[in-house]
Engineer: 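Got a structure for you, questions after.
When a ligand or atom number is given, it counts from 1 through the structure's own listing order.
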Amino acid sequence: MQKRVYMDHAATTYTKQEVLDEMLPYFKEIYGNPSSVHGFGREARKAVDLARERTAAALNASPEEIYFTSGGTEADNWAIKGVAWANKERGNHIITTSIEHHAVLHTCQYLEKMGFEVTYLPVDSYGLVYPEQVKEAITDKTILISVMFANNEIGTIEPIREIGQIARERGIYFHTDAVQAVGHIPVDVKEMNIDLLSLSAHKFYGPKGVGALYIRKGVKLHPFIHGGAQERNRRAGTENLAGIVGLGKAIELAVANLEESSKRLAAMRDRLISGVLNTIENVRLNGHPTKRLPGNANFSFEFIEGESLLLSLDMKGIAASSGSACTSGSLDPSHVLLAIGLPHEIAHGSLRLTLGDDNTDEDIDYVLEVLPDIVQRLREMSPLFAQNKGGKRYV
Ligand SMILES: Cc1ncc(COP(=O)(O)O)c(C=O)c1O
Ligand code: FES
């Protein structure tokens, strides 16, 4: 049988058995509406309350500061639009970065059309945002700073505490998209001066379609979904009961295992990175060498097209992703790879391998065994490679 290796955990993870086991009764047995006053409803409410406590504990927040959403995208939209609309009288300026997820970038672009002004901070060649630059971008109209905790493509971890401190000192709200960070690296909303934080369950072995927004007590923001009185009048709609239960269990497990699991992943990641850099020519590692997510490896291979690399890996049973045009369904190469300064043609030859707790050392061996041959074969088919052999190197 064909070996199958899943190395696309930044896209999504499987749902852990313990998580699924906790969720299942909430479809058929404990199915009450958490807003109902009867026993069925009260049981459901209890489960939502427990999930809220578990989520709060994982972030060092209070349960009243956790609001469940349909995922990371909704949490990002709510944080940014909610703060923008509620603080218009204070100002119309938002600071973010050029490497955010589209859930943040497209929300900011929408707000620009509505009359807000947005500064998109550049990053260095590792994808790092500089707190000094954040400080310089602040004007007396700035109402919100939104900087992602860790980048989903290249894995770079941003100086969140420092940026949060700058925002706090100036009385500006600070939001962080922590979708790739929560459950993988330590996150503490108090210690890191965070006012709003987005998370998503399917990135840490929970179910898809459920997430949360942490809103620090006292933060002024408008509701995003209007309707009933759920989530203390701030997020309408009957709760995704089983999903919320799953999120609560998944975040508790992820944080309890964080140290051990991140150590294990980082060791596998480092072996993968050095293996690739040592056996393949004209390749570079994207993202920061040390300030990076434990499971993330991202490479650019010169003279190769990301799409064909993915297809060849898929034929060998390896699931990966790239920042290339074809996979994202748009015509532009990844905005993140362009922002770190990669030329267009190099950005096209990128490959993201993201590890998770179902990966083993044998999986790493397998990738290191098949990848060099695939790269070699694709390069032999590339006219660019033939022309440039021994010539100028970009990477
Ligand atoms: C950094 C980041 N933000 C936001 C999202 C969106 O989260 P969701 O898939 O839960 O809507 C993702 C997931 O791809 C992400 O990686
Ligand atoms: S990677 Fe397919 S068009 Fe660039």
Engineer: Could a heavy atom of His202 be found less than 4.0 Å from some atom of ligand 1?
Structural biologist: yes

Engineer: Suppose I only count heavy atoms of Asp76 and a 4.0 Å limit; which atoms of ligand 1 are within that range?
Structural biologist: 3 (N), 4 (C)

Engineer: If you look at every heavy atom in Met7 and Val367, which pair is closest and at what distance?
Structural biologist: CE-CG2, 3.7 Å

Engineer: Give the residue, atom name and distance (to 0.1 Å) of the protein heavy atom nearest atom 16 (O) of ligand 1.
Structural biologist: Gln180 NE2, 2.8 Å

Engineer: Does any N or O atom in Gly72 lie less than 3.5 angstrom from one in ligand 1, N or O only?
Structural biologist: yes

Engineer: Under 6.0 Å between ring centres: does that hold for Trp85 and Phe224?
Structural biologist: no

Engineer: Where is the nearest protein heavy atom to atom 15 (C) of ligand 1: which residue, which atom, and how far?
Structural biologist: His101 CD2, 3.3 Å

Engineer: Please examine the side chains of Leu342 and Arg284, heavy atoms only from C-beta on, and report whether any two atoms are closer than 4.5 Å.
Structural biologist: yes

Engineer: Specify the protein heavy atom at minimum distance from atom 10 (O) of ligand 1: its residue, its atom name, and the distance to 0.1 Å.
Structural biologist: Ser200 OG, 2.6 Å

Engineer: Specify the protein heavy atom at minimum distance from atom 14 (O) of ligand 1: its residue, its atom name, and the distance to 0.1 Å.
Structural biologist: Lys203 NZ, 2.8 Å

Engineer: A side-chain contact here means heavy atoms from C-beta on lying under 4.5 Å apart; do Phe149 and Val187 qualify?
Structural biologist: yes

Engineer: Determine, for Arg52 against Glu64, whether the closest basic-nitrogen to carboxylate-oxygen distance falls under 4.0 angstrom.
Structural biologist: no

Engineer: Gly71 heavy atoms, cut-off 4.0 Å: which ligand 1 atoms fall inside?
Structural biologist: 10 (O)

Engineer: Please state which option from Thr73, Asp177, Val179 has its nearest heavy atom closest to atom 6 (C) of ligand 1.
Structural biologist: Thr73

Engineer: Can you check whether His175 reaches Leu144 side chain to side chain, under 4.5 Å on heavy atoms?
Structural biologist: yes

Engineer: Would you say the rings of Tyr26 and Tyr31 are close, in the sense that their centroids are separated by under 6.0 Å?
Structural biologist: no

